[in-house]
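Notes for the one structure printed next.
Counting convention: from 1, in listed order, for ligands and their atoms alike.
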Amino acid sequence: MGTEDSPYHKALMAVPVSLRGMPRSPRVIVYTLAFIAIFYSIPWLNLGSRDGIIPPLFQRRPRYDVLQYVDPLIGTANGGHVFPGATLPYGMAKPVADTQSPGENAAGYVSDTNPILGFSHLHDSGTGGNPSLGNFPLFVHPGCANDDYRACRFAVNNRPVYRIPDQVFASPGYFAINLTNTVRAEMTASQHVALYRFGFSGKEKVDTLEGRGIPYSPLVLVDLVDLMNSRSAGGVQVYPESGRIVGDGQYSPSFGTGRYQAFFCADFKGARIRRSGTFIGDDAREEPKFFGGHEPGWNNPSGSAGAWVQFERPEGDELLVRVGVSFISVDQACENAEREIGDWDFERVEGEARTAWRKKLGAIEIDPRGVSDELQVTFWSGLYRSMLSPQNYTGENQLWNSTEPYYDSFYCIWDSFRAQHPLLTIIDPVAQTEMIRALVDIFRHEGKLPDCRMSFSKGFTQGGSNADIVIADAWVKNLTANIDWETAYEAVVSDAEIEPPEWGIQGRGSLVSWHKLGYIPWDDKDVNGTGPMSRSVSRGVEYAYDDFCIAQLAEGLNRPADAHKYRLRGANWQNFWNPDQLDLPSPEKTQYRNPNDPSSYSDLVPLTGFKGFLQPRLRNGTFRHQPVRTCSPVSDFHSCYFDTVYDTYEGSPWLYSFFAPQDMATLIRLMGGRDTFVSRLAYFHESGIAYMGNEQAFLPTFQFHYAGRPGMSSYYVRKYIPSLFNASVNGIPGNDDCAMGAFTAFAMMGFFPVAGQDVYLLTPPFFREVRIKAWEEGKWAVIRVRNFDERGRRIYVREAWLNGRKYTRNWITHGFFRKGGVLEFVVGEEEGDWGTREEDVPPSYPVKEWVPSRGMSPEELAAELAG
Ligand SMILES: *[C@@H]1O[C@H](CO)[C@@H](O)[C@H](O)[C@H]1NC(C)=O
Ligand SMILES: *[C@@H]1O[C@H](CO)[C@@H](O)[C@H](O)[C@H]1NC(C)=O
Ligand SMILES: *[C@@H]1O[C@H](CO)[C@@H](O)[C@H](O)[C@H]1NC(C)=O
Ligand SMILES: *[C@@H]1O[C@H](CO)[C@@H](O)[C@H](O)[C@H]1NC(C)=O
Ligand SMILES: *[C@@H]1O[C@H](CO)[C@@H](O)[C@H](O)[C@H]1NC(C)=O
Ligand SMILES: *[C@@H]1O[C@H](CO)[C@@H](O)[C@H](O)[C@H]1NC(C)=O
Ligand SMILES: *[C@@H]1O[C@H](CO)[C@@H](O)[C@H](O)[C@H]1NC(C)=O
């Protein structure tokens with residue numbers, strides 16, 4: 001799409017509150033002046049500085065308001081599923097306009113042309129599948145035909161109205177949209193409270209798309225429905241004098257099992273009340289003022305039902321609605337509302353939200369000179385999205401009382417372990433520490449760590465027990481404060497050792513075989529638990545990496561025997577390596593999974609010369625065949641989910657064959673050496689087999705480093721940013737998962753984590769200089785390009801210095817972000833020899849004592865049959 005369509009123009013117009021009322025032309029002048037001021041007053045950087053810790057010169061820097069460069073609407077089209085509404089970092093209240101966009105409105109709002117269902121206050125960001133939360137939407141009519149409230153539409157399937165094209169605006173802490181029923185909606189949020197400001201035309205009779213000559217007398221309804229229409233139970237009460245509406249309901253999580261309860265408390269300000277009542281479907285009445293399911297005899301409908309208040313003409317033609325939410329009780333929802341927004345001051349709440357975001361984003365500074373606005377918006381918006389979730393529900397845990405923090409919406413760790421949590425570890429170690437503590441507390445109370453979790457419910461596990469990686473990552477990077485490492489260790493060991501009865505929602509499956517055989521057989525007889533038996537290869541290689549991560553924790557906690565055991569298991573990914581497997585095209589699906597016909601592939605001609613792929617195995621040790629490209633964009637793309645016939649999850653054997661972060665040296669050897677590895681990885685990216693819309697593709701963008709070709713990583717980073725990760729509404733290639741933004745942010749800053757290890761892979765940043773607030777007070781980790789190229793052609797590191805000393809490794813450790821320092825690059829238009837030597841590549845951990853599995857012997861198989 002063209003730049004005319006890009007909302008980033010709007011992001012640049014993100015107007016500070018104090019300016020919002022100004023007419024357009026003075027606004028433009030103010031901005032022009034501001035830009036000129038910023039441009040000329042950026043201090044000249046000391047490009048030659050090589051020594052140690054440099055003073056925080058950016059304190060002298062004139063105002064560069066990062067919020068002007070955050071566009072929350074990025075990723076609200078084409079499957080990004082980003083939440084663009086108002087929220088605090090990790091905030092629970094997340095108000096936005098919900099659109100009637102089936103299959104796309106996972107986060108409520110979609111940049112399309114569908115009508116608006118209402119404005120709801122709880123959401124998740126970036127997820128796939130069903131829409132999450134979206135409970136208790138408000139809906140506003142400017143009036144009802146013939147001044148008869150029964151003529152207004154109440155039910156969620158009847159009431160939607162269209163928006164006015166191009167009249168939507170989003171900025172951190174603020175969201176606004178204009179509807180064709182003449183209502184203008186603005187919203188902001190504190191931690192547990194959404195504040196709405198609805199504006200009206202002021203005309204006595206309103207003409208809308210829905211009707212003409214409607215008498216002006218706003219009617220606001222609150223519906224108990226959620227976006228998934230999963231409600232049962234619950235009830236609502238409207239207080240006719242104050243207009244306060246409270247209520248609750250029980251709902252289903254969007255990607256998990258169980259039910260959760262939610263509560264709200266809505267108050268109004270700015271107009272006198274005329275009448276009030278309740279509604280069920282489209283049937284609205286002034287009486288009763290209450291219905292609910294908590295006492296026998298009351299009508300307790302499911303679906304769309306709630307309460308309403310109709311008002312006189314509001315003063316100033318504006319009506320404020322404050323909605324407190326809670327997962328504990330209606331009372332707590334009202335307390336939250338009164339405590340957090342007792343003053344009804346929209347500008348204060350919005351200002352505080354913006355200050356909170358500025359502070360969080362202030363962990364990073366960039367030198368914007370010579371970098372397009374679009375790239376700056378891509379960068380800051382990515383960082384911003386990384387802090388939308390997990391959500392801080394501390395004090396709102398409906399499942400248990402605890403003094404530990406409680407975070408929810410780990411949605412899902414399978415996505416977020418790779419980049420998002422490592423990013424938070426650097427830019428917000430306090431929040432990341434609270435998240436680790438919350439994970440450990442979930443283990444304490446539920447017996448297992450989550451892999452995916454939303455709305456107090458257990459979500460579906462996509463691969464391994466990857467919370468193990470998040471915990472190990474925190475350990476190797478020395479996040480310590482108040483983390484109970486003994487219990488954390490118990491939790492990861494529980495994942496590794498004890499199979500839960502339902503391993504589709506926690507822990508791991510096929511553990512008996514994993515322990516005994518060192519792989520998950522395709523024909524596994526798992527008697528210890530049940531779960532979707534597919535994905536033996538992808539689960540297997542993730543279990544191996546999880547075990548490697550546990551080994552690091554065991555070492556750190558001084559448990560050498562455990563460390564040894566888990567190191568050995570960490571090498572088990574090799575048991576899936578079929579050295580003879582060729583790059584064959586996918587045969588007909590029907591031929592597939594026919595265990596009695598191995599010859600059906602023999603006449604297929606390999607597509608490339610690459611040999612050796614991960615493949616499923618039988619109990620007797622023999623390999624089965626899964627076509628190596630299946631489940632990639634080039635072949636049967638959407639055929640690998642939980643319970644399909646395939647052995648890889650949301651990806652092909654081609655993709656998973658690169659997943660050995662613990663021992664890339666051995667993988668490179670198995671693939672035929674450095675050169676073959678590099679051409680194979682490049683082919684993966686060039687052939688269309690790689691899919692950047694899913695998180696497994698992140699690390700393979702950088703794995704050239706392990707073969708001494710860091711320049712190739714840099715090349716592919718720039719191939720994907722901005723062509724696939726950019727500042728347009730469709731600027732994310734898949735579900736954001738609060739992860740795509742972290743990938744972008746890391747890649748543009750010039751380093752990428754190997755999650756679970758103390759390793760970051762280095763590439764030149766997209767900026768002249770990036771500064772990252774170090775953990776040590778007052779220090780910064782500075783990454784600087786000495787000969788920065790505004791044309792973007794010098795993309796290869798030729799030389800590097802760390803704190804003034806020559807630096808040849810193509811990776812760095814977390815000490816840099818803890819203590820601060822200066823890393824400087826000289827870049828060139830061609831790859832040089834920086835970071836290419838054997839001793840310059842990141843560490844691998846081969847396990848010498850590891851013995852390949854031969855599967856079960858005929859005797860064992862016979863014994864199993866007999867017994
Ligand atoms: C909504 O309409 C008002 C009045 O026309 C206008 O000032 C405002 O900018 C519009 N809002 C958005 C988000 O476009
Ligand atoms: C937490 O403690 C409060 C106050 O004692 C109690 O009312 C509530 O039921 C407890 N919640 C849970 C989930 O145990
Ligand atoms: C999470 O919420 C709790 C309770 O409101 C608060 O004390 C804590 O500071 C919050 N954590 C972060 C990282 O904001
Ligand atoms: C499997 O179940 C058996 C029998 O209950 C038990 O002894 C064993 O520890 C279980 N193994 C795993 C890995 O959970
Ligand atoms: C393992 O089982 C398969 C299918 O039954 C069979 O084709 C194969 O020959 C067996 N391998 C061994 C080593 O017995
Ligand atoms: C932005 O990213 C999207 C999604 O990945 C892509 O389809 C689009 O072509 C990109 N736009 C530009 C201008 O590069
Ligand atoms: C973490 O702490 C250990 C032991 O105190 C130390 O050896 C290591 O260098 C630290 N790691 C980082 C990243 O600071």
Is the Tyr384 ring parallel, tilted or perpendicular to the Trp357 ring (thresholds 30°, 60°)?
tilted
Can you check whether His515 has an N/O within less than 3.5 Å of an N/O in ligand 4?
no
Compare every heavy atom of Thr433 with every heavy atom of Pro429, then report the nearest pair and how far apart it is.
O-OG1, 2.6 Å
Out of Phe83, Phe175, Tyr411, which residue meets the ring pair (Phe, Tyr, Trp, His ring centres under 6.0 Å) rule with His123?
Phe83
Which ligand 4 atoms, with their elements, are less than 4.0 angstrom from a heavy-atom of Glu497?
12 (C), 13 (C), 14 (O)
Pair Phe548 and Tyr566, ring centroids less than 6.0 Å apart
no
Tell me the contacting part of Gln191 for ligand 3: side chain, backbone, both, or neither, using a 4.0 Å heavy-atom threshold, strictly below.
neither
Under 6.0 Å from the six-membered ring centre of Phe410 and within 45° of its axis: does the NZ or CZ of Arg453 meet both?
no
A student checking ligand 4 against Asn528 at a 4.0 Å heavy-atom cut-off should list atoms 1 (C), 2 (O), 3 (C), 8 (C), 10 (C), 11 (N), 12 (C), 14 (O)
Using a 4.0 Å cutoff against the non-hydrogen atoms of Glu499, which atoms of ligand 4 qualify?
12 (C), 14 (O)
Can you list the ligand 3 atoms lying under 4.0 Å from a non-hydrogen atom of Asn392?
1 (C), 2 (O), 3 (C), 8 (C), 10 (C), 11 (N), 12 (C), 14 (O)
For Leu511, atoms of ligand 4 separated by under 4.0 Å from a heavy atom:
13 (C)
Among all residues two or more places apart in sequence or in another chain, which pass the side chain to side chain contact (heavy atoms under 4.5 Å, CB included) test with Lys448?
Ser494, Asp495, Ile498, Pro500, Gln506
Restricting to non-hydrogen atoms, name the atom on Ala170 and the atom on Pro84 that form the minimum distance, rounded to 0.1 Å.
CB-O, 3.5 Å
Write out all pairs satisfying ring pair (Phe, Tyr, Trp, His ring centres under 6.0 Å) with one or both partners inside residues 416-453, taking only residues at least two apart or from two chains.
Trp400-His445
Under 4.0 Å from a heavy atom of Tyr407: give me the atoms of ligand 3 that qualify, with their elements.
11 (N), 12 (C), 13 (C)
Sort out the contact shell of ligand 2: every protein residue with a heavy-atom distance below 4.0 Å, listed by chain and number.
Gln398, Leu399, Trp400, Asn401
May I ask you to check whether Lys360 has an N/O atom sitting below 3.5 Å from an N/O atom of ligand 3?
no
Evaluate salt bridge (charged side-chain N to carboxylate O under 4.0 Å, His left out) for Asp65 paired with Arg358, printing each intermediate quantity in order.
CA-CA 8 Å; Asp65 188 357; Arg358 245 180 230 120; 3.0 Å; yes
Any residue meeting salt bridge (Lys or Arg N to Asp or Glu O under 4.0 Å) with Asp441, in chain and number order, not counting sequence neighbours
Arg444
